[in-house]
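Read the structure below first, then the notes.
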Amino acid sequence: MNIALLCIGLLGALCIVLGIAVSLNRMKQKQGSGCPSDPKDTLHKYIRAHANTIEFAPVLMVLMYILSQSQMASWVLWSIILVTLSRFVLVAGLIFPRTMARPNPLRQIGAGGTYIFGLALCIAVLKLV
């Protein structure tokens, strides 16, 4: 099993599922465009989760794909797994709490993991040069 390609597929699915959730919430609230400013609003939370995922997932997916084309050290494989898990934890931290107005542990862990393991993937790609 190619773990990097599995993680790429999971991140792609996360982007698409969040896009569907935004569309369904827009229909439910009859709001065709824009974003409510209330950090407790469900549509606001889904829009932010989708936007944040779209900001990071494509770069991570490209890094993972590049790394999947060569022999990977175990730390690289673990970085791929952990950055993917971090993205899902971050989304949970944006959607499930009652409000986005305050930081919460899920958001902090998800963001921190994205930064740390995302940078690790960048380093791994640079080592291929």
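As a basis for the values below, the full set of heavy atoms in this structure was taken, side chains included, without hydrogen atoms, waters or symmetry mates.
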**Asked** Cluster question for you: counting only ILVMFWY and a side-chain heavy-atom cut-off of under 4.5 Å, with indirect links fine, are Y65 and F56 together?
**Response** yes
**Complete:** Tightest non-hydrogen contact, residues C122 and L63, listed as SG-CD1, 3.8 Å
**Prompt:** What residue pairs, at least two apart or across chains, pass side chain to side chain donor-acceptor pair (under 3.5 Å) with a residue in residues 95-104?
**Reply:** none
**Asked** Given the rule that I, L, V, M, F, W and Y join up when any side-chain heavy atoms are under 4.5 Å apart, are M61 and L90 in one cluster?
**Response** no
**Message:** According to side chain to side chain contact (heavy atoms under 4.5 Å, CB included), who are the partners of I109, at least two apart in sequence or on a separate chain?
**Reply:** V89
**Request:** List, by chain and number, the other hydrophobic cluster members for I20, where Ile, Leu, Val, Met, Phe, Trp and Tyr join if side-chain heavy atoms come within less than 4.5 Å, directly or indirectly.
**Result:** I16, L24, M27
**Asked** If you group Ile, Leu, Val, Met, Phe, Trp and Tyr by side-chain heavy-atom gaps below 4.5 Å, do L14 and Y115 land in one group?
**Response** yes
**From F117 atom CZ to I80 atom CD1, the distance as rounded to the nearest 0.5 Å** = 12.0 Å
**Fill in**
Residue pairs meeting side chain to side chain donor-acceptor pair (under 3.5 Å), one or both in residues 68-95, sequence neighbours left out, come to N52-R87, R87-T114
**Prompt:** Same cluster or not: are M1 and M64 linked, directly or through other Ile, Leu, Val, Met, Phe, Trp or Tyr residues, by side-chain heavy atoms under 4.5 angstrom apart?
**Reply:** yes
**Item:** Pairwise distance CD1(I116) to CG(L121) - rounded to 0.5 angstrom
**Value:** 12.5 Å
**Asked** Can you tell me how far NZ of K28 sits from CG of L43, rounded to the nearest 0.5 angstrom?
**Response** 10.5 Å
**Message:** Checking D41 against Q29 for the side chain to side chain contact (heavy atoms under 4.5 Å, CB included) test, could you report, in this order, the C-alpha distance in whole Å, the side-chain angles of both residues, the deciding distance, and whether it holds?
**Reply:** CA-CA 10 Å; D41 184 86; Q29 293 189 19; 3.5 Å; yes
**Fill in**
For G113 and V83, the nearest pair of non-hydrogen atoms, with its separation, is O-CG2, 4.2 Å
**Prompt:** In chain order, what residues pass the side chain to side chain contact (heavy atoms under 4.5 Å, CB included) check against M100, with sequence neighbours excluded?
**Reply:** P39, H44, K45, R48, L94, R107
**Prompt:** So do the side chains of L11 and C15 get within less than 4.5 Å of each other, counting heavy atoms only?
**Reply:** no
**Prompt:** Can you tell me how far the CG atom of L128 sits from the CD1 atom of I123, to the nearest 0.5 Å?
**Reply:** 12.5 Å
**Prompt:** To the nearest 0.5 Å, what is the distance between CG (L18) and OG1 (T53)?
**Reply:** 5.0 Å
**Co-membership, hydrophobic cluster, residues F88 and I54, 4.5 Å side-chain** = no
**Request:** Quick one: list whatever passes side chain to side chain contact (heavy atoms under 4.5 Å, CB included) with Q108, sequence neighbours left out.
**Result:** P103
**Fill in**
In this structure, CG of L5 is separated from CG of L10 (nearest 0.5 Å) by 11.0 Å
**Complete:** Between A92 and P97 the two heavy atoms that sit nearest each other are O-CD, 3.4 Å
**Request:** Search all heavy atoms of L67 against all heavy atoms of M72 and return the closest pair with its distance.
**Result:** O-CG, 3.4 Å
**Fill in**
Here the pair of heavy atoms bringing V22 nearest to Y46 is CG2-O, 3.5 Å
